[in-house]
Engineer: 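Would you mind keeping the following structure in view while I ask a few things?
Residue numbers start from 1 in every chain, and the chains themselves are labelled A, B, ... in the order their sequence lines are given, proteins ahead of strands. Because the structure is a prediction, the values reported are computed rather than measured.
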Amino acid sequence: ETGVTQTPRHLVMGMTNKKSLKCEQHLGHNAMYWYKQSAKKPLELMFVYNFKEQTENNSVPSRFSPECPNSSHLFLHLHTLQPEDSALYLCASSQVGVMNTEAFFGQGTRLTVV
Amino acid sequence: AQTVTQSQPEMSVQEAETVTLSCTYDTSESDYYLFWYKQPPSRQMILVIRQEAYKQQNATENRFSVNFQKAAKSFSLKISDSQLGDAAMYFCAYTVIQGAQKLVFGQGTRLTINP
């Protein structure tokens, strides 16, 4: 198993669809993150979960709804998206504590909204 | 707010040569981490090198080294003996030391290796 696994790798959805992105980490970390990578913009932090509690919401529209049922799994629920939401969505995890680790990333989900 | 700037959208280098990628950042914090991440076509962000701001010594990892100038808020990456597998997008990133790794990224530099 790779450290951080994201599914699906590719997703095409209509603006009225509801879909979910899944992230799983096998590193024993206690923090998980969602980032958005658009074609013309730097990677943007969307959400942070620390010990399953959401500690950061970077002014993300409510059509993106994160869920962290345990420290190993993170979801991003999508509904009523817009074409400008098309991007690469990257999940990451890290250990937060006395000895912080760097963030480890998954391979991302390429989302296309049509 | 913290910002990270990479002023070179694209760079190219001959195989076996040395190349330097530039990064500047802005922060009012005194303790922080700086990173260089590599993103190959597989899309996974891979950590190349990390620098703690409180360390004066520049970090090195095999063929990769940094030139960290804290006063100038500059953090460049030098790749020696460039290899074809080094071709990728390179991102400079910043985060504070305490707490979660809330990374602030630069715009990226696309590095091409010419055989």
Engineer: Starting from B:Val13, can I reach B:Met11 by hopping between I/L/V/M/F/W/Y residues whose side chains sit under 4.5 Å apart?
Structural biologist: yes
Engineer: What part of A:Tyr49 is in contact with chain B, defined as an atom under 4.5 angstrom from a non-hydrogen atom: side chain, backbone, both or neither?
Structural biologist: neither
Engineer: Got a sec: does the CD of A:Gln82 have more than 12 other heavy atoms crowding it under 6.0 Å?
Structural biologist: yes
Engineer: Using a 4.5 angstrom heavy-atom cutoff, name the option from A:Leu88, A:Asn50, A:Asn30 with the most pairs to chain B.
Structural biologist: A:Leu88
Engineer: Quick check: closest heavy atoms across A:Pro42 and B:Gly106, and the distance to 0.1 Å?
Structural biologist: CB-O, 3.6 Å
Engineer: Rounded to the nearest 0.5 Å, what separates atom OG in A:Ser93 from atom CD in B:Gln101?
Structural biologist: 10.5 Å
Engineer: Quick one: CD on A:Glu102 to CD1 on B:Ile49, what's the gap to the nearest 0.5 Å?
Structural biologist: 12.0 Å
Engineer: Write down the atom of A:Val96, the atom of B:Ala100, and the distance for their closest heavy-atom approach.
Structural biologist: CG2-CA, 3.6 Å
Engineer: Near B:Asn62 CG, under 6.0 Å, is it more than 12 heavy atoms from other residues, nucleotides or ligands?
Structural biologist: no
Engineer: Is it the backbone or the side chain of A:Gln6 that comes under 4.5 Å from a heavy atom of chain B, or both, or neither?
Structural biologist: neither
Engineer: Indicate the atoms forming the closest heavy-atom contact of B:Leu103 with A:Leu45, along with that distance.
Structural biologist: O-CB, 4.5 Å
Engineer: Determine, using the 4.5 Å side-chain heavy-atom cutoff (strictly less than), whether B:Tyr90 and B:Phe105 are members of one ILVMFWY cluster.
Structural biologist: no
Engineer: For the CZ atom on B:Arg63, are there more than 12 heavy atoms of other groups (residues, nucleotides or ligands in this structure) within a distance under 6.0 Å?
Structural biologist: yes
Engineer: Report whether B:Ile79 and B:Met89 are members of the same hydrophobic cluster (ILVMFWY, side-chain heavy atoms less than 4.5 Å apart, transitive linking).
Structural biologist: no
Engineer: Taking the side chain as everything from C-beta on, heavy atoms only, tell me whether B:Gln44 gets closer than 4.5 Å to A:Phe104.
Structural biologist: no
Engineer: Could you check which of B:Arg43, B:Gln39, B:Lys102, B:Gln107 has the highest count of heavy-atom pairs closer than 4.5 Å to chain A?
Structural biologist: B:Arg43
Engineer: Which bit of A:Ser38 is near chain B, if near means a heavy-atom gap under 4.5 Å: side chain, backbone, both or neither?
Structural biologist: neither
Engineer: So for atom CD, which belongs to A:Glu84, do other residues, nucleotides or ligands contribute more than 12 heavy atoms lying within a distance under 6.0 Å?
Structural biologist: yes
Engineer: Above 12 or not: heavy atoms from other molecules or residues under 6.0 Å from NZ of B:Lys73?
Structural biologist: yes
